[in-house]
Each structure stands twice: as structure tokens, then as C-alpha cells.
**Q** 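The structure is given below, and queries will be raised subsequently.
The basis for the numbers below is simple: all heavy atoms, side chains too, and nothing from hydrogens, waters or symmetry mates.
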Amino acid sequence: MSARDELAPQRGELQDLVGDAAERDDDDWFMQAANAILAAGYRKPRTITTAEELDALPVGSVVKDDDGHAHLKYPRGWVRTGQEPFSTPEGILPALVIHEAAGE
């Protein structure tokens with residue numbers, strides 16, 4: 001399922017936000033609005049649940065664990081903000097991706 005399709009259940013809420021411009025029952029209008037939202041940078045927050053997914057994130061990525069602690073990925077592993085030593089995947093998962101660094 002694409003991110004655009006995931007916005008479909010929010011159609012009514014989007015119409016409320018944009019007011020009269022969305023009064024018409026027009027699927028084409030809705031798809032154009034969804035495309036514009038995605039083009040503006042909307043991305044559904046992603047939850048990482050496995051060590052493999054966590055390891056696949058690029059260096060510089062940041063995740064937040066269930067306790068609200070941020071973890072930053074370094075070349076040698078993950079470090080909880082302001083803490084040493086490196087975090088283990090078990091100590092992080094599940095984790096919400098806050099920032100995904102650009103891959104090499």
C-alpha cells in the first residue's frame with residue numbers, strides 16, 4: 001500500500017481542513033491533494049521491530065525507543081543520547097524512526 005493510499009481514510013478530515021475547496025465529491029481532487037501533501041514531505045512515521053531493520057538504517061539516523069530515549073546510529077552501533085556505551089537492539093526495539101539519514 002502506498003503512502004497516498006494510506007491517506008484515503010483521512011479524506012473527510014482533509015476536506016474539513018481545506019473547507020469549501022473540497023466540497024465537491026471528487027476522487028481526482030482528493031488524489032491531487034494527497035499527492036501535494038506527499039510532495040510537501042509528509043511521511044508516515046515508521047516503527048522498527050527487528051534488529052535487521054535497525055541495522056539497515058544509515059549512519060546518522062535517529063530512533064526513539066518506547067521509553068522516549070533517542071538513539072543515534074554511529075558507524076560502530078547505536079548510542080542513546082548522552083549515554084555510553086553502545087546500545088543493543090534489544091534495548092532499543094521497538095523504535096520509532098525520528099530521522100533517517102541519507103544513505104551512501
**Q** Which pairs would a plain distance check flag for residues 56-65, meaning a side-chain donor or acceptor within less than 3.5 Å of a matching protein atom at least two apart in sequence or in another chain?
**A**
residue, atom, partner, partner atom, Å
S61, OG, P58, O, 2.8
S61, OG, A101, N, 3.1
D65, OD1, D67, N, 2.9
D65, OD1, G68, N, 3.0
D65, OD1, H69, N, 2.9
D65, OD2, H71, NE2, 2.8

**Q** Could you tell me which residues satisfy side chain to side chain contact (heavy atoms under 4.5 Å, CB included) with T50, sequence neighbours excluded, listed by chain and number?
**A**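 Checked T50 against side chain to side chain contact (heavy atoms under 4.5 Å, CB included); matches are E52, E53.
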**Q** I need the full list of salt bridge (Lys or Arg N to Asp or Glu O under 4.0 Å) pairs touching residues 94-103, with sequence neighbours left out, sorted by first then second residue.
**A**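 The answer is R46-E100.
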**Q** To the nearest 0.5 Å, what is the distance between OG1 (T88) and CG (L54)?
**A**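 If we round to the nearest 0.5 Å, T88:OG1 and L54:CG are 9.5 Å apart.
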**Q** Is there a chain of hydrophobic side chains (I, L, V, M, F, W, Y, each step under 4.5 Å between heavy atoms) that links L96 to V79?
**A**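 In one cluster: yes.
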**Q** Is it possible for you to say whether L93 and F86 belong to one hydrophobic cluster, with membership spreading through side-chain heavy-atom contacts below 4.5 Å?
**A**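 L93 and F86: separate clusters.
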**Q** Just by distance, do the side chain of T47 and the backbone of A95 share a donor-acceptor pair under 3.5 Å?
**A**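 Here the side-chain-to-backbone pair does not exist.
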**Q** If Ile, Leu, Val, Met, Phe, Trp and Tyr residues are connected whenever their side-chain heavy atoms lie under 4.5 Å apart, and connections chain through other members, are V97 and I92 in the same group?
**A**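 Linked, V97 and I92 end up in one cluster.
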